[in-house]
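This report concerns only the one structure given below.
We name chains A, B, ... by the order of the sequence lines, and we start the count at 1 in each one.
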2 protein chains.
Amino acid sequence: MEHPTLPSRSRGPFASVKITDVAALAGVAPMTVSRVLNTPDRVSQLTAAKVRAAIEQLGYVPNLIAGGLSSRRSRMIAAVVPTIASPMFHEPVQVFTDAMGAAGYHVMLALSGYEPEAEDAQIRAVLARRPDGLLLTGAHRTPAMRLLLSDAQIPVVEIWDVSDSPTDILVGFDHGEVGAAVADFFAAAGHTHYAALLASDPRAMARSQGFAQRVAQLGHVMVAEHRLPAPAAIRDGRLGLRAIAQRLAGRTALFGSSDNVAYGAILEAGVLGIAVPNQLSVCGFGDFDISRDAEPGFTTVRVDGAEIGRSAAEQLLLRMNGATKPNRVLVPHRILPRAST
Amino acid sequence: MEHPTLPSRSRGPFASVKITDVAALAGVAPMTVSRVLNTPDRVSQLTAAKVRAAIEQLGYVPNLIAGGLSSRRSRMIAAVVPTIASPMFHEPVQVFTDAMGAAGYHVMLALSGYEPEAEDAQIRAVLARRPDGLLLTGAHRTPAMRLLLSDAQIPVVEIWDVSDSPTDILVGFDHGEVGAAVADFFAAAGHTHYAALLASDPRAMARSQGFAQRVAQLGHVMVAEHRLPAPAAIRDGRLGLRAIAQRLAGRTALFGSSDNVAYGAILEAGVLGIAVPNQLSVCGFGDFDISRDAEPGFTTVRVDGAEIGRSAAEQLLLRMNGATKPNRVLVPHRILPRAST
DNA sequence: TTGTAGGCGTTATCAG
DNA sequence: CTGATAACGCCTACAA
C-alpha cells in the first residue's frame with residue numbers, strides 16, 4: 001500500500017495526518033476515532049474496524065502533544081539521574097523504562113551530573129513538559145524544590161536513598177547502614193585496621209561515613225580515607241590505592257565506594273606486590289559484572305538495581321492509579337563474600 | 001515568599017499557574033509574557049522586569065506541551081538506542097543529550113533492545129510526541145519505516161554505522177572496515193591463524209565479517225568464529241574463549257567484538273594457562289575503561305563515542321536551523337596497540 | 001514595543 | 001454506541 005491519499009504529500013511543510021482526516025475517511029466523528037485508540041471497549045466492532053483501516057491507510061500517528069494538552073495527561077514520566085555511565089543507575093533506569101513502557105508511559109531521561117544546582121535545573125526543565133510522574137535520584141531536596149514539586153501535583157519516586165521526610169514515594173536503602181555492615185563483616189573476619197576509597201557523591205560518602213563510624217564504635221583503626229572524583233572509574237581506584245599504599249598497616253581491610261574503585265585497587269595491589277586478600281582485604285559495592293567475572297571474583301555488596309527500577313515503576317503506577325498514601329520501599333542489601341576477603 | 005496568590009492552592013487537582021495568571025499579575029497581555037520567555041529582545045527592560053517578578057512570585061512553569069501544540073515545535077529530540085548498558089551507546093547518548101540541552105532541546109530516550117521489531121515500535125511510539133528531530137542507531141531501515149520517517153518531516157541522524165542510502169544525516173563509520181583493519185594489524189605482526197568472538201548484534205557482526213573476509217583475502221586461517229548473545233559482557237567473553245579453546249592453534253590472534261568480550265577472553269586465558277600475548281594475541285573494540293586500566297592494558301580499537309554524540313548534535317542542529325543538505329560524517333577509528341598483542 | 005484574534009489537534013462532557 | 005461542542009494553554013499573524 002503506497003498511501004495513495006496521504007494528505008502529507010500535498011500539504012507542504014506542515015504535513016501531517018490528523019484525527020479529522022481519519023474520521024472523514026472512515027465516515028465517523030473524530031471523537032469516535034479517539035475512542036478506538038483510547039477506549040476500544042466503547043466502540044462497536046464494525047466501527048472500530050473501519051477506523052483502523054483508515055488509520056492504516058493514511059499512516060496516521062496520533063499527536064500525543066495535542067492529546068496531552070486536552071486530557072491534561074502527558075503519558076510521560078521524567079527521570080532525573082546523575083549519569084547513565086554506571087550500572088548503579090543504568091540498571092534501574094533501564095528496568096524502570098521498560099516497566100513504564102509496558103504500562104503505556106514514555107520515560108524522558110534527564111542527566112544531572114553530580115552538582116545539586118544542575119539537578120534542580122533539570123527538574124525545573126522537565127516539569128515544563130508536564131510529566132505525569134517523576135523519578136528522582138536521592139532523597140534530599142531544597143525547600144524551594146519541595147515547593148515546586150508539591151505544586152506540580154504529581155507523584156514523585158525517589159530512589160537509591162532513604163530519608164526521614166521523602167517528597168512522596170521512596171524506594172531505596174540506607175547507605176550508612178551498608179557501610180556499617182561492611183565494617184562488621186570485616187571485623188567478624190578478625191580485622192582491626194581499615195581504609196576507605198570513596199567517590200565524592202552524596203551516597204558514596206554516606207556509605208563511607210557509616211563505615212568509619214562503625215570502625216570507631218568497634219574501637220578499631222581507620223588508617224586511611226581517600227576521596228576520589230565522582231563518578232569514579234577503575235583508574236581512580238588504582239590511583240587511590242597508590243595514594244594510600246604507604247599508610248597501609250600489616251593487614252588492612254579496604255572498602256571501595258564502588259566495584260570499579262575496588263577492582264582498580266585490586267589491580268594496583270597486584271602491581272605493588274600487595275597480596276590480596278592476605279595483606280589487603282577488599283570489598284566493593286554494587287555487584288557489577290566485574291566483581292563476579294574478574295579472576296578471581298571479589299567481595300562486594302549487592303543491591304538489586306533492577307529491583308529498584310521495577311519497584312519504583314510499580315509504586316508510581318499504583319499512585320497514578322489512585323493509591324493515596326505514598327509508600328516507602330526498603331530494598332535489601334547483602335554482602336557477597338568472594339575471594340578478595 | 002510563600003506564594004500568597006498561588007492559584008494552584010485553590011483550584012483542586014488541575015492546579016497550575018498559567019500564562020494568563022502571570023500576565024494579569026504583571027499587568028500585561030499574555031503574549032508579552034510569552035515574549036519575555038522566548039524573545040526577550042523584543043520586550044522593554046521595564047516590562048520584562050515586571051513580568052519576571054510575576055513569574056517568580058507565582059512560581060510559573062511554562063507549559064511546553066501547550067506551547068508545542070501551538071508553535072508546532074516540541075523542542076524535544078527523541079533518541080532510540082539498543083541499550084545504555086554499554087559505553088558504546090551511553091557515551092554518545094550522554095554527550096548528545098548535553099549538547100542538545102545546551103541548545104534548548106530535551107532528549108527523550110527510548111531503549112529498543114536488539115530486536116528490529118522493537119526498534120520500529122519504539123520509533124513509531126516516539127513519533128507520536130512530535131519530536132523536532134530523531135537520533136537513531138544503525139543505518140538500516142525497512143521501507144515502511146523510511147516512509148514513516150519521511151512523512152514525519154523532521155531531520156534524522158543515524159549513528160554508529162554507515163550506509164549507502166542513509167535516511168538523512170549519518171554520523172558513523174564502516175564496521176567491516178574496522179574488522180579488516182584489525183586483521184591487517186594482526187597480519188603485520190606475523191599472525192596467520194585467527195579467531196573471533198562476536199556478539200550477535202548487526203554492527204558486531206559486520207566487524208566480524210570484515211575481519212573474516214580480510215583473513216581469507218590474506219590466505220590465512222580462521223580457526224574459530226564463535227557467536228555470543230548481545231549485549232555481551234565479560235562473562236560471555238570468558239565462556240566464549242572456553243568454548244573455542246581446543247580449536248586454538250599454536251599462536252592465534254583473537255578479535256573480540258567488544259572490550260568486555262576481549263577482557264573476558266584474557267581472564268579466561270589466564271585460568272586455562274594460555275599465555276597472552278605469546279600464545280594468544282587479543283584485540284578488543286571500543287576502548288572502554290577496562291582496556292586501558294586493566295593490568296596490563298590490552299589492545300583495542302578506539303572510536304570516539306563522545307565525538308559521535310557531539311557531531312550528531314551539531315549536524316542535527318545545523319539542519320534544524322535551515323541547512324538543507326543532509327551531511328555524512330565519517331568518524332575515524334584507530335587501533336591502540338597495548339600489551340595483549 | 002505591545003495587544004487582539006484565532007487556531008494548533010485532541011479529548012472531556014454532555015446529549016442523543 | 002456515537003456525535004457535537006467547548007475547552008486545554010500557548011503562540012503565529014496581524015494590527016495598533
Side-chain angles (χ1 to χ4, degrees), chain A residues 7-8 11-24 26-51 54-55 58 60-76 104 127-130 132 152-153, chain B residues 7-8 11-24 26-51 54-55 58 60-76 104 127-130 132 152-153:
Chain A
S8 68
R11 277 208 211 152
F14 297 114
S16 143
V17 185
K18 49 193 132 188
I19 203 168
T20 50
D21 299 321
V22 175
V28 299
M31 195 54 226
T32 299
V33 177
S34 175
R35 288 199 184 94
V36 171
L37 260 16
N38 302 308
T39 52
D41 311 336
R42 300 186 187 174
V43 180
S44 77
Q45 299 279 324
L46 188 70
T47 309
K50 278 191 304 186
V51 168
I55 288 175
L58 296 176
Y60 171 63
V61 178
N63 185 332
L64 285 183
I65 208 163
L69 179 60
S70 180
S71 67
R72 292 156 170 284
R73 293 191 52 208
S74 61
R75 298 177 164 283
M76 187 218 83
L127 248 19
R129 303 224 171 247
R130 299 296 188 265
D132 291 338
Q153 309 262 35
Chain B
S8 71
R11 276 207 212 154
F14 297 112
S16 144
V17 184
K18 49 193 135 190
I19 204 169
T20 50
D21 299 320
V22 176
V28 299
M31 196 52 228
T32 300
V33 177
S34 174
R35 288 197 183 94
V36 171
L37 261 15
N38 301 309
T39 53
D41 312 336
R42 299 185 187 175
V43 179
S44 77
Q45 299 280 322
L46 188 70
T47 309
K50 278 191 305 187
V51 169
I55 288 175
L58 296 177
Y60 172 62
V61 178
N63 185 332
L64 285 182
I65 208 163
L69 179 60
S70 181
S71 67
R72 293 155 169 285
R73 294 190 52 207
S74 61
R75 298 179 163 284
M76 187 218 85
L127 248 20
R129 304 226 170 245
R130 299 297 188 264
D132 291 337
Q153 309 261 37

Problem - Phosphate-side-chain proximity, B/Asn38 and D/dC11, N/O vs OP1/OP2 below 4.0 Å - result: yes
Practice task
Tell me whether the OP1 or OP2 atom of D/dG9 has a side-chain N or O from B/Tyr60 closer than 4.0 Å.
Solution key: no
Completion exercise
Quick tally for nucleotides 2-8 of chain C: nucleotides whose base has a protein heavy atom under 4.0 Å get B, sugar-phosphate-only ones S, the rest -, giving BBB--BB
Measure from [atom1] on [X] to [atom2] on [N] and round the result to the nearest Å.
{"X": "A/Ile19", "N": "D/dT5", "atom1": "CD1", "atom2": "P", "value": "17 Å"}
{"X": "B/Ile65", "N": "C/dG9", "atom1": "CD1", "atom2": "P", "value": "15 Å"}
{"X": "A/Arg130", "N": "C/dT11", "atom1": "CZ", "atom2": "P", "value": "19 Å"}
{"X": "A/Leu37", "N": "C/dT10", "atom1": "CG", "atom2": "P", "value": "9 Å"}
{"X": "A/Leu64", "N": "D/dC8", "atom1": "CG", "atom2": "C1'", "value": "15 Å"}
{"X": "B/Arg129", "N": "C/dT10", "atom1": "CZ", "atom2": "P", "value": "14 Å"}

Exercise for the section: Measure the OG-CG distance between A/Ser70 and B/Leu69 for me, rounded to the nearest 0.5 Å. Expected result: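 Here the interatomic distance stands at 9.5 Å.
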Problem - Atom pair CZ/CD1 of A/Arg129 and B/Ile65 - distance to nearest 0.5 Å - result: 8.5 Å
Handout entry: Test item: B/Arg72 and A/Ser16 side chains (from C-beta on) under 4.5 Å apart, heavy atoms
Key = no
Problem - Pairwise side-chain contact, B/Asn63 with B/Lys18, heavy-atom cut-off 4.5 Å (strictly under) - result: no
Side chains of residues 26-41 of chain A: which donor-acceptor partners sit under 3.5 Å, not counting sequence neighbours?
from, atom 1, to, atom 2, distance (Å)
A/Ser34, OG, A/Asn38, ND2, 3.3
A/Asn38, ND2, A/Ser34, O, 3.1

Exercise for the section: Only counting residues at least two apart or in another chain, list the ones meeting side chain to side chain donor-acceptor pair (under 3.5 Å) with A/Ser44. Expected result: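 Side chain to side chain donor-acceptor pair (under 3.5 Å) list for A/Ser44, sorted by chain: A/Thr47.
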